[in-house]
Amino acid sequence: MSAAAPRVAVAGVARTPFYRRGQSDPQSRVEMACGAILAALDDAGLSADDLEGFVHMSGGMDSALLAQVLGVPDVKFSVTLTGGGGASAGTLGVAAAAIQSGQARVVVVVRAMKQGVVHFGAAFAPGMKREVAPEADFYSTAGLISPGQMFALIARRHMHKYGVRREDFGAIAVAFRQHAQTRPDALRKTPLTLDDYLATPLLADPLCRHDFCLENDVALAVVLVAEDLAADRPHSPVWVAAAEHGGAGRWGQGEEWMGMPEEIFDTAGHRTIARRVYAKTGLGPKDIDVALIYDNFTSNVLLQLEDYGFADVGGGGELVSSGAISWPNGSIPVNTHGGQLSEGFSSGISHVIEGVEQLRGTAINQVAGAEVALVTGGAAAIPTSAAILTK
Amino acid sequence: MLEQLADVHPDHWTQPFWEAAARHELVCQRCSQCGTMRMPPTPFCWNCRSKECEYPVLPGTGVVFSYSTTYFTASKASVPEDQLPYTVLIVDLDGAPGCRLIGAMVPADTDPPEIGQAVRVAWEDTAAGGALPRFERV
C-alpha cells in the first residue's frame with residue numbers, strides 16, 4: 001500500500017472451535033460460517049447491518065447465501081481470490097483494496113470447512129478436482145493423489161541438496177506441538193519429542209504424520225474496516241501494512257507440476273512475495289516479532305523461513321533446530337498458536353487471527369512487546385501470499 | 001500397478017504424448033519457433049508464446065531429480081492398500097533440457113534410488129490400450 005492510501009485495519013476476528021473431522025455435525029457449513037462472521041463483527045463492535053463486503057478463497061462459500069441468511073442490507077463487494085490456502089494472507093489485501101478504493105467500508109474474510117464431507121488430504125485424487133485437467137494425467141497416473149506426497153518430493157530434494165535433515169522437520173513439529181499445549185481446543189496436544197517424531201512411521205518419505213497438517217471442521221472470519229472506522233472499536237486496530245499475493249508464473253501449479261526451474265524449485269514459491277511485502281513496508285526479517293507461517297507441511301515452513309530471509313537458502317534446517325522458532329525464548333517465534341500441524345487446519349486464517357491477537361497483546365502465548373507480525377499463505381500453487389501486520 | 005489411476009484425459013496438446021506412449025516411445029514437446037522444450041505439453045510456449053510445436057522422440061533415459069516412497073493411501077478408491085508401498089520419481093529427461101517427468105518406479109518393491117542416479121522409462125500397458133511411463137534402474 002502506498003503511503004498516500006488510507007490505512008486499513010483488522011477490527012474483528014473470530015472462529016468456531018476446531019472440531020475433529022465430522023464432529024461439527026449437525027451444524028452446517030453455512031451455520032458455522034455465519035456464526036463466525038457474526039462473532040467477528042461483534043468483536044469489532046459492529047453488526048451485520050454494517051457489513052458491506054465478502055472475500056473468499058477458492059472452494060469458499062457463496063456470498064449470496066451468507067448475505068441472505070444474515071440479512072446484509074447491501075452487498076457492495078464480493079470477490080473470491082483464486083488459490084486455496086495459499087491465498088489466505090492475500091485475502092487481506094483484496095479486502096484492503098475494496099476499502100481503499102471506496103467500494104466498501106466493512107469487509108469480512110470468511111473461510112469454513114467440514115472435512116468430514118470433503119477431505120483435503122485426497123485433494124488430487126480423481127473426482128476431487130472440479131474439472132478434469134489433461135495436465136493432471138502427468139502426476140495422478142504416477143500415484144500422486146495427496147498434497148503430502150507431492151511436498152515430500154520437494155522436501156527430499158532440499159535434503160539432498162542442502163543437507164537438511166528429518167530432525168529439522170521434526171524440530172518444527174515439536175515446537176508447534178509445544179505451543180499448542182496452552183491452546184484450549186488444539187486437536188493435537190499429546191506432548192511430542194524429537195525421539196517420538198523420529199520413531200513415527202513414514203507416510204511419504206521423508207514425511208511422517210507429524211509433518212502433515214490436520215484435517216478438521218472449522219469456520220473463521222476476519223473483519224477489516226476503513227481507517228476512519230478503526231478508532232472507536234473495542235480493540236486497538238491492527239493495521240494491514242502490506243498484503244500481497246501471486247508468485248512467479250514458473251512456480252505456477254508448483255507441487256502439481258514439478259517443472260519449476262531449479263532456483264524456484266528450491267523455494268516455497270514465496271520469493272517474489274517476500275520482496276514485495278518487505279519493499280512496501282520498508283521492513284525486513286529482523287523487524288518481524290512473530291511469524292505465522294503457513295504450515296500445511298513442516299518442510300514448507302522451513303522453505304518459507306528461507307524465502308522470507310530468516311535463513312539463507314539451505315540454512316532453514318540449522319535455524320529451526322537452533323530453537324529460534326520456539327516461544328517464548330526463540331529469536332523469531334513461529335506459529336505461537338500451534339498452527340495447522342497441532343492446533344487445527346484453517347486454510348491459513350487462524351494464522352491471521354493469531355497475528356491480530358499478538359499485536360493486540362491478547363495472545364495466549366504472547367510474544368512480549370510484539371509490534372510487527374508476518375502472516376503467510378502457501379506453499380501451494382500460486383497465488384501464495386503474505387501480509388505484514390503492525391500495531 | 002495403480003490401475004485405478006490409469007485413465008488419461010488427453011487434449012489436443014497432450015494427445016501426441018499418449019499416442020507415442022501407446023507405441024512405447026517417449027516424446028516431449030518442443031517449440032518450433034524458439035526450440036524450448038516443455039512438459040507436460042501445453043498450448044503455448046512459455047518462452048516465446050508460439051503455438052507451433054513438434055514432438056521429438058527422446059532416448060527414454062533420465063536422471064532422478066527427487067523421489068518419495070508412499071506408505072499410505074489418502075483415498076482407498078484411488079490407491080487400494082495392497083498397492084502400498086510405491087516409489088514416485090521426478091526425473092530430468094535426457095535430451096530435453098528443463099523437462100521433467102513424474103513416474104512410479106518399477107518393480108514396485110525396488111528400493112528407492114538416489115538423487116542423481118540414471119533411470120529409464122519402462123512402459124506399462126493399460127487395459128484401455130494405452131501405456132503409462134514408469135521408471136526402472138538402468
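Chain letters run A, B, ... following the sequence lines, proteins first and then strands; every chain starts at 1.
- Between the CD1 atom of B:Ile102 and the CD atom of A:Gln149 there is a distance of 11.0 Å, given to the nearest 0.5 Å.
- Closest of all the heavy-atom pairs between B:Ala74 and A:Ala122 is O-CB, 3.7 Å.
- No more than 12 heavy atoms of other residues, nucleotides or ligands sit less than 6.0 Å from atom CG of A:Asp312.
- Ranked by heavy-atom pairs under 4.5 Å with chain B, the list A:His119, A:Arg250, A:His160 is led by A:Arg250.
- Residue B:Leu132 touches chain A through its side chain alone, counting heavy-atom pairs closer than 4.5 Å.
- Interface residue B:Phe65: backbone and side-chain heavy atoms are both found under 4.5 Å from chain A.
- Under the 3.5 Å distance criterion, the side-chain polar atoms of A:Thr141 are left unmatched by any main-chain donor or acceptor of B:Leu5.
- Distance check: B:Leu89 CG to A:Arg156 CZ gives 12.0 Å after rounding to the nearest 0.5 Å.
- Only the side chain of A:Phe212 has a heavy atom closer than 4.5 Å to any heavy atom of chain B.
- For the atom pair OG (B:Ser66) and CE (A:Met159), the distance works out to 10.0 Å, reported to the nearest 0.5 Å.
- With a threshold of 4.5 angstrom between heavy atoms, B:Asp7 approaches chain A through N, CA, C or O but not through any side-chain atom.
- Heavy atoms of A:Arg209 lying under 4.5 Å from chain B are absent altogether.
- A:Met260 CE to B:Arg100 CZ: the interatomic distance, rounded to the nearest 0.5 Å, is 7.5 Å.
- With a threshold of 4.5 angstrom between heavy atoms, B:Thr14 approaches chain A through side-chain atoms but not through N, CA, C or O.
- Between chain A and the options B:Leu101, B:Asp92, B:Val8, B:Ile115, heavy-atom pairs under 4.5 Å are most frequent for B:Ile115.
- Under a cut-off of 6.0 angstrom, the local environment of CD in B:Gln4 is crowded, with over 12 non-hydrogen atoms contributed by other residues, nucleotides or ligands.
- The distance from the CG atom of A:Leu153 to the OG1 atom of B:Thr70 is 8.0 Å, given to the nearest 0.5 Å.
- Residue with the most contacts toward chain B among A:Gly121, A:Pro261, A:Ser140, A:Gly143: A:Gly143 (heavy-atom pairs, distance under 4.5 Å).
- The aromatic rings of A:Phe138 and B:Trp18 are tilted relative to each other, their planes meeting at an angle between 30° and 60°.
- With a 4.5 Å cut-off on non-hydrogen atoms, A:Leu202 touches chain B through its backbone and its side chain both.
- To the nearest 0.5 angstrom, B:Thr73 atom OG1 is 11.0 Å from A:Leu203 atom CG.
- The candidate with the highest count of non-hydrogen atom pairs below 4.5 Å against chain A, out of B:Phe17, B:Trp13, B:Tyr67, B:Phe135, is B:Tyr67.
- Taking all atoms of both residues into account, the shortest heavy-atom contact from B:Ser78 to A:Pro126 is OG-CD, 3.3 Å.
- With a 4.5 angstrom heavy-atom cutoff, B:Met105 does not touch chain A via any of its atoms.
- If you measure heavy-atom distances from B:Arg134 to chain A, the contacts under 4.5 Å come from the side chain alone.
- Shown here for A:Ala204 and B:Phe72, the closest heavy-atom pair between the two residues is CB-CE2, 4.3 Å.
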